[in-house]
Amino acid sequence: MQIAKSLGADVTGVCSTPNVDLVRSIGADHVIDYTQEDFTRNGERYDFILDNAANMPLSSLRRALTPAGMLVPNGGGFGSRWFASAGRLISAMMSFRFVGQRLGRFLVAKKREDLIVLKDMIEAGQVAPVIGRTYLLSETAQAMDYVATGHARGKVVISV
Ligand SMILES: NC(=O)c1ccc[n+]([C@@H]2O[C@H](COP(=O)([O-])OP(=O)(O)OC[C@H]3O[C@@H](n4cnc5c(N)ncnc54)[C@H](OP(=O)(O)O)[C@@H]3O)[C@@H](O)[C@H]2O)c1
């Protein structure tokens, strides 16, 4: 969200009701509450979708992309089993092969010049982590349980 805004994009965030204000506060131009509205069925088309949830069929995501739009399936949420994740990824690679839409990389490609841009954004205050909860080291198991709910708010920090 913050990186896209820093680059000048018009950004739509998708989250549940309790997080609408938070997402707006970090710069979203538009916020869609997924408990009220399906962003793949509202008639909007997006140039870029970063899919953190992976709970939508690929056909729905493609419908929400512009003709030359790009989908980046950001790992997790693909399913708890590696096999399910791999299956979805292979389907995505096949279905994007014959259309103008693009499937972006989902693994981090560390490049010095990109990290410098990120550093500049952080130093300019354009990008800052949203820390939801902080746990003591001895509470790491509870922290992991919270993350495993799939609804942790912002980042979860262990203080050492
Ligand atoms: N590719 C990579 O290199 C890489 C690296 C790290 C992480 N990841 C992946 O990036 C994703 C985010 O990481 P994370 O650590 O922040 O995971 P996380 O803690 O599981 O993410 C929780 C967030 O997901 C939101 N969420 C859950 N269901 C959603 C839905 N249907 N639509 C929109 N938002 C939804 C929750 O908001 P609500 O409570 O409002 O639903 C919550 O804010 C994960 O899928 C993770 O596996 C990928």
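Whatever order the structure lists ligands and atoms in, that order sets their numbers, starting from 1.
- Near Asn55, the atoms of ligand 1 lying under 4.0 angstrom from a non-hydrogen atom of the residue are 31 (N).
- Between Leu50 and Phe48 the shortest side-chain heavy-atom distance falls below 4.5 Å.
- Note that the CZ atom of Arg153 and the OG atom of Ser16 stand 9.0 Å from one another [nearest 0.5 Å].
- Residue contact check: Val14 has heavy atoms under 4.0 Å from atoms 33 (C), 34 (N) of ligand 1.
- Shown in contact with Ala53 at under 4.0 Å from a heavy atom are these atoms of ligand 1, numbered in order with element: 29 (C), 30 (C), 31 (N), 32 (N).
- Here the CG atom belonging to Leu61 is positioned 7.0 Å from the CE atom belonging to Met56, to the nearest 0.5 angstrom.
- Across Ser16, Pro18, Gly150, Ala109, heavy-atom proximity to atom 22 (C) of ligand 1 is greatest for Gly150.
- Under a 4.0 angstrom heavy-atom cut-off, Met56 registers as lying outside contact with ligand 1.
- Hydrophobic clustering, with ILVMFWY side chains joined whenever heavy atoms are under 4.5 angstrom apart, keeps Val157 apart from Tyr146.
- At a 4.0 Å heavy-atom cut-off, ligand 1 touches Lys155 through the side chain alone.
- Close contacts between ligand 1 and Ala152 involve ligand atoms 22 (C), 23 (C), 42 (C), 43 (O) [criterion: under 4.0 Å to a heavy atom].
- Side-chain contact of Thr35 with Thr17: a donor-acceptor pair under 3.5 Å is present, judged by distance alone.
- Inclusion of Arg153 in the set of residues having an N or O under 3.5 Å from an N or O of ligand 1 is not warranted.
- In this structure, the side chains of Phe39 and Thr12 stay at 4.5 Å or more apart for every pair of heavy atoms.
- The option with the heavy atom closest to atom 35 (C) of ligand 1, from among Tyr146, Phe39, Tyr34, is Tyr34.
- When non-hydrogen atoms are compared, ligand 1 lies under 4.0 Å from the backbone of Asn74 as well as from its side chain.
- Within the 4.5 Å cutoff, no side-chain heavy atoms of Met70 are placed close to those of Leu103.
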